[in-house]
Amino acid sequence: MQCWVTRPASLRGGSGGRGQRAVDAFPAGPQGQLGFGVSVVGPSRVGKTSLIVSLITDAPRILARLPAALRTRDTWTEDAVMRRRNELEGAVRAGSFRKQALRGTDRASYYKLALESGIAGVAVHLTLLDFPGGWLSPGQDTKRPEDTWRDCREFMAQSTVLLVPVDSPVLMSARHAEQHRAIPELLKIAQVESVAEDWATERQYAQEEPALLLLVPMKCESYFADNGGSQDRAAELAEAVSKTYSRMCDIVRMNAPHARILYCPLDTLGCVELAGDPAWVPDDEGDGLQLSAEFRVRQPGEISVVGAEDILIAVCRVLAEARRTAEEALAEEATDAHRQVEEEAQIRRPFIERVRRWLDGTQAQLAENRRATGARARRAQRKLEHFERMVDELAARPFGSRVREL
């Protein structure tokens with residue numbers, strides 16, 4: 001399996017792999033592009049695939065006024081996005097649905113995207129990992145291929161960005177002790193914490209690289225009044241998420257103090273809300289509870305995603321910053337190489353040696369080296385300046401009122 005991660009396989013686990021400069025930390029993708037990993041970690045049916053598709057679908061609108069565009073890089077990614085978009089549109093047209101109506105992920109999937117910068121051949125390539133949520137805690141009904149799961153765990157640990165979708169109705173519908181008791185297992189809190197700890201530990205050895213952890217409450221339409229909802233429980237939701245994932249955030253802060261942690265709620269469809277109070281029913285094993293919730297569509301039934309902009313801007317900002325860090329190192333390297341050639345050219349040599357160098361072509365080769373290294377240095381500086389502008393413009397885009405720094 002090929003997957004792009006923030007550190008090349010040749011550096012992982014070997015001597016010299018820790019503390020490398022940023023330019024060494026990112027492997028080259030097609031045409032010399034840099035690759036970054038983004039992992040989505042959560043239980044089954046929490047909305048991992050819908051989160052990815054929401055980001056991709058809403059990207060043209062979000063990035064319309066910025067020197068950037070997010071595009072799919074292969075036909076599988078494009079087809080997978082279109083299929084999920086059709087499923088979501090079909091659910092809206094049906095007027096009501098349960099989350100079980102949406103197809104779950106049945107294998108590890110890699111969505112390949114490019115954050116294009118406006119200059120031909122200069123882009124940030126990213127790969128988003130999605131996997132069956134049941135793999136977090138396999139049982140009798142859920143088997144996982146252990147080799148593939150090890151690849152997934154490695155990819156997640158090496159990713160620049162970790163996205164944790166949260167099932168908002170599970171948190172917000174619990175009333176009684178036994179319902180609250182079911183939450184950690186339903187959200188797979190311990191398993192998600194384990195992934196986050198691996199990720200933060202790896203980030204500890206790459207403090208020159210940016211790191212971003214996003215907590216993304218999903219299906220938030222029933223708890224916000226800013227997108228057609230009838231009630232405002234935003235503060236309650238934020239408190240519930242912060243409390244539930246406080247230990248995970250503490251683990252990340254201890255192991256990767258430079259990592260940024262953001263709370264970014266998402267309305268996946270916008271035009272839906274819970275149809276009455278969700279019911280807590282026995283789970284499939286019969287020894288616990290699970291939430292059974294039905295959603296109805298608010299008319300006129302037009303999809304209105306809210307929150308994807310904040311998530312996408314946060315991800316694009318950190319990846320553009322990471323690319324800029326790498327470009328700084330590349331520009332410095334190119335400038336140093338050109339400086340060395342220039343210094344060689346400025347050395348005053350005896351007349352007879354200059355004649356010999358002219359006769360055997362050394363002088364002409366030196367002049368060609370000066371032109372080539374100078375051109376490389378200028379190209380590297382132009383790319384660096386372009387990414388600096390891109391980062392500045394992304395940083396200037398403010399987050400919405402829903403976002404909180406944790």
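Position 1 is the first residue of the sequence, and the numbers go up from there. Quick note: numbers below take in every heavy atom, side chains included, and nothing from hydrogens, waters or symmetry partners.
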Which heavy atom of [X] sits nearest to which heavy atom of [Y], and what is that distance?
X	Y	answer
L136	P43	CD1-N, 3.9 Å
P132	K48	C-NZ, 4.5 Å
V305	T268	CG2-O, 3.3 Å

Show me the donor-acceptor pairs within less than 3.5 Å that the side chains of residues 255-267 make with the rest of the protein, sequence neighbours left out.
unit_1	atom_1	unit_2	atom_2	d
N255	ND2	I251	O	2.8
H258	NE2	E209	O	3.2
R260	NE	E405	OE1	3.4
R260	NE	E405	OE2	3.0
R260	NH2	E405	OE1	3.2
Y263	OH	A238	N	3.3
D267	OD1	E221	N	3.4
D267	OD1	R402	NH1	3.1
D267	OD2	N227	ND2	3.1
D267	OD2	R402	NH2	3.0

(message) The test is side chain to side chain contact (heavy atoms under 4.5 Å, CB included); show your working for V166 and L171 and say whether it passes.
(response) CA-CA 9 Å; V166 180; L171 283 180; 3.7 Å; yes

(message) Just to verify, what does Y245 make a ring-ring contact (aromatic ring centres under 6.0 Å, His included) with, not counting sequence neighbours?
(response)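 Per chain and number, Y245 pairs via ring-ring contact (aromatic ring centres under 6.0 Å, His included) with no residue.
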
(request) Go through the structure and list residues passing ring-ring contact (aromatic ring centres under 6.0 Å, His included) with Y111, not counting sequence neighbours. (result)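 Checked Y111 against ring-ring contact (aromatic ring centres under 6.0 Å, His included); matches are W76.
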
(message) I'd like to know if the side chain of R45 pairs up with that of S50 as donor and acceptor (distance under 3.5 Å, no hydrogens or angles considered).
(response) no

(request) For D74 and T77, test the side chains for any donor-to-acceptor distance below 3.5 angstrom and give the result as yes or no. (result)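 Yes, because at least one side-chain N or O of D74 sits under 3.5 Å from a partner of the opposite role on T77.
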
State the [atom1]-[atom2] distance between [X] and [Y], to the nearest 0.5 angstrom.
X	Y	atom1	atom2	result
E202	L162	CD	CG	12.5 Å
L88	R93	CG	CZ	13.0 Å
L70	L126	CG	CG	6.0 Å
E146	R144	CD	CZ	4.5 Å
I303	R85	CD1	CZ	8.5 Å
S39	F131	OG	CZ	8.0 Å

(request) Step by step, work out the side chain to side chain contact (heavy atoms under 4.5 Å, CB included) result for C220 and S168. (result) CA-CA 6 Å; C220 293; S168 297; 3.4 Å; yes

(message) Taking R61 first and then E309, would you say they form a salt bridge - that is, a charged N and a carboxylate O separated by under 4.0 Å?
(response) yes

(message) Using a 3.5 Å distance criterion without hydrogens, assess whether the side chain of D310 forms a donor-acceptor pair with backbone atoms of G400.
(response) yes

(request) Taking T127 for its side chain and K112 for its backbone only, find out whether a donor-acceptor pair lies under 3.5 Å. (result) no

(message) Test of understanding: with salt bridge (Lys or Arg N to Asp or Glu O under 4.0 Å), list the residues that count as partners of E193, not counting sequence neighbours.
(response)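 Per chain and number, E193 pairs via salt bridge (Lys or Arg N to Asp or Glu O under 4.0 Å) with R247.
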
(message) For R175, give me all partners under salt bridge (Lys or Arg N to Asp or Glu O under 4.0 Å), at least two apart in sequence or on another chain.
(response) none

(request) Using a cut-off of 6.0 Å, state whether more than 12 heavy atoms not belonging to E178 lie near its atom CD. (result) yes

(request) List in chain and number order the residues that pass side-chain contact (heavy atoms from CB on, under 4.5 Å) with Q231, two or more places apart in sequence or in another chain; answer none if no residue qualifies. (result) R233

(message) When you compare the side chain of V170 with that of L187, does any pair of heavy atoms fall below 4.5 Å?
(response)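 The answer is yes; the side chains approach within 4.5 Å.
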
(request) Starting from the C-alpha separation in whole Å, work towards a yes-or-no answer on side chain to side chain contact (heavy atoms under 4.5 Å, CB included) for V41 and L163. (result) CA-CA 6 Å; V41 185; L163 290 169; over 6 Å; no

(request) List the steps and the verdict of side chain to side chain contact (heavy atoms under 4.5 Å, CB included) for L269 and V92. (result) CA-CA 8 Å; L269 295 172; V92 170; 4.0 Å; yes

